[in-house]
Amino acid sequence: MAVLLSTKSHTMQDWKAALLAVDPSLEIRLFPEAGDPAGIEAAVVWTAHDMMELRRYPNLRVIVSMGAGVDHLFRPPGPPPGVPVARLVDERLTQGMTEWVLLNVLRFHRQDLDYRAQQAAKVWHELPAPETSARRIGILGLGELGTDAARALLALGFPVMGWSRRPKDIAGVEGFHGEDGLMAMAAKADMLVCLLPLTPQTRGVLDARLIGAMKPGGFLINAARGGHMVADHVLAALDSGHLAGAALDVFEPEPLPPESPFWSHKRVILTPHAASITIPSSAAPQVVENIHRARDGRALVNLVDFGAGY
Ligand code: NDP
Ligand code: OXD
């Protein structure tokens, strides 16, 4: 039985090598050359893959996402009925995200947008010293990524709040949940950081209502999914100055079209869905573990909860 691998062409060979380094006995087929559909037992896929295709494989036992997010797999028609889906929880992916969050929190906290503008205009002018203990950060999503970012920000001395679906108790983090909790957190936040999965419940959460609940002059940081953000609302808040800046890694659609105003907005820091990139050699052991578990009928690790959608 074989493993189907489907990802961006430039990472396909790296993934194949990484999986074979863990288990040299795997037969790996590179999409679209899947061969006999009945011979496929596992599919390791990233966004480009069409779920309709996977319905043609009668012996498929598991689908593994090459990333932490699985929203793309749940777009209609969704995974084939009865086939479990696993996602990645990976130390290096988490570390990469925490670095990206820290980079942007510190960039805004240390008035870097203003200092860059002053540099461009050759202005020598000292701005008031920022106070770390007074810059309150609210994190939407306290999962693998949100919790790690929260701990790193706490270690730097920022007051940290977090919003999750279920109540959570993380030392030093003021917890919120539910719709009221989100608005209460936003009202206290100087910066909001979105690290939520994209589900029907979280789509569009970064909208005028949420941003309007923040104090004027706040910052928005989104590394989750473009679908969390109502783009026009974020742009309007940046243009009015209610938001003093935004660091955005994810968009809908991707790649971001050249005509998007985000590209040239002076208060926007933009990266091309690169906040944290999966490193195949780091992720491969858990992917192979899940292939073995599915083959033996054992419980999967990092199993996606279809009911919750993440
Ligand atoms: P987890 O599943 O570990 O955590 C998700 C968190 O979001 C949990 O705290 C969960 O609450 C919370 N949540 C889910 N739904 C809701 C809701 N309706 N209301 C409030 N809170 C909710 O995910 P990860 O931390 O591993 O990843 C988060 C996302 O980051 C991924 O789904 C992906 O989209 C994105 N990502 C982006 C990358 C990039 O490079 N830009 C790289 C990697 C990931 P609870 O704790 O109660 O379950
Ligand atoms: C992920 C991503 O979900 O890269 O891992 O966005």
Side-chain angles (χ1 to χ4, degrees), residues 7-8 11 15 44-49 64-75 85-101 103-104 138-152 160-170 173 175-186 192-206 210 221-229 247-252 254-256 269-280 282-283 286-287 301-310:
T7 184
K8 295 174 201 153
T11 60
W15 269 100
V44 182
V45 299
W46 187 229
T47 51
H49 202 85
V64 185
S65 164
M66 287 166 169
V70 289
D71 45 290
H72 53 289
L73 303 177
F74 285 91
R75 276 184 218 133
V85 173
R87 71 187 194 100
L88 292 188
V89 175
D90 177 66
E91 214 175 284
R92 291 184 69 183
L93 191 68
T94 303
Q95 184 188 344
M97 182 57 82
T98 295
E99 287 170 2
W100 188 89
V101 170
L103 171 72
N104 288 296
I139 303 181
L140 286 77
L142 281 179
E144 297 293 334
L145 303 182
T147 300
D148 197 68
R151 292 197 174 120
V160 179
M161 308 176 285
W163 185 63
S164 50
R165 188 164 60 94
R166 298 159 291 191
K168 272 202 138 162
D169 191 10
I170 300 173
V173 177
F176 296 84
H177 66 281
E179 172 68 16
D180 293 349
L182 178 59
M183 291 301 151
M185 182 174 89
L192 288 180
V193 179
C194 182
L195 290 171
L196 287 167
L198 184 62
T199 66
Q201 291 70 38
T202 63
R203 175 169 283 281
V205 67
L206 307 178
L210 181 76
I221 297 179
N222 185 21
R225 286 291 181 263
H228 288 120
M229 174 173 82
L248 306 172
D249 182 60
V250 283
F251 298 89
E252 239 181 39
E254 289 178 2
L256 185 66
I269 299 291
L270 189 155
T271 45
H273 199 141
S276 190
I277 298 170
T278 304
I279 299 167
S282 175
Q286 68 181 276
V287 174
V301 292
N302 306 326
L303 187 65
V304 172
D305 173 348
F306 278 36
Y310 66 96

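Atoms within a ligand are numbered from 1 in the order they appear, just like the ligands themselves. Quick note: numbers below take in every heavy atom, side chains included, and nothing from hydrogens, waters or symmetry partners. One-based numbering along the sequence shown.
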Is it true that the side chains of Trp100 and Thr271 contain a donor and an acceptor less than 3.5 Å apart? yes
Considering only heavy atoms from C-beta outward, does the side chain of Leu248 approach that of Leu270 to under 4.5 Å? no
Can the ring centroids of Tyr310 and Phe74 be said to lie less than 6.0 angstrom from one another? no
If you count only heavy atoms, which residues are under 4.0 Å from ligand 1? Ala68, Gly69, Arg87, Met97, Gly141, Leu142, Gly143, Glu144, Leu145, Trp163, Ser164, Arg165, Arg166, Lys168, Leu195, Leu196, Pro197, Gln201, Thr202, Ala223, Ala224, Arg225, Asp249, Val250, His273, Ala275, Ser276, Tyr310
Can you give me the closest heavy-atom contact between Leu93 and Ser276, atom names plus distance? O-OG, 2.6 Å
Leu88 and Asn302: side chain to side chain contact (heavy atoms under 4.5 Å, CB included), yes or no, with the steps? CA-CA 7 Å; Leu88 292 188; Asn302 306 326; 6.0 Å; no
List the steps and the verdict of side chain to side chain contact (heavy atoms under 4.5 Å, CB included) for Val173 and Ile139. CA-CA 10 Å; Val173 177; Ile139 303 181; over 6 Å; no
Report the C-alpha separation of Arg225 and Thr202 in whole Å, then their side-chain angles, then the decisive distance to 0.1 Å, and conclude whether the side chain to side chain contact (heavy atoms under 4.5 Å, CB included) test is met. CA-CA 10 Å; Arg225 286 291 181 263; Thr202 63; over 6 Å; no
Is it the case that the side chains of Glu99 and Gln95 hold a donor-acceptor pair, with the cut-off being a distance below 3.5 Å and no angle test? yes
Min side-chain heavy-atom separation Leu192-Trp163 under 4.5 Å: no
Identify all N/O pairs between ligand 2 and the protein with a separation under 3.5 Å and present them as a table of atom names and distances.
{"residue": "ligand 2", "atom": "3 (O)", "partner": "Ala68", "partner atom": "N", "Å": "3.2"}
{"residue": "ligand 2", "atom": "3 (O)", "partner": "Gly69", "partner atom": "N", "Å": "2.7"}
{"residue": "ligand 2", "atom": "3 (O)", "partner": "Arg225", "partner atom": "NH2", "Å": "2.8"}
{"residue": "ligand 2", "atom": "5 (O)", "partner": "Ala68", "partner atom": "N", "Å": "2.7"}
{"residue": "ligand 2", "atom": "6 (O)", "partner": "Arg225", "partner atom": "NH1", "Å": "2.8"}
{"residue": "ligand 2", "atom": "6 (O)", "partner": "Arg225", "partner atom": "NH2", "Å": "3.2"}
{"residue": "ligand 2", "atom": "6 (O)", "partner": "His273", "partner atom": "NE2", "Å": "2.6"}

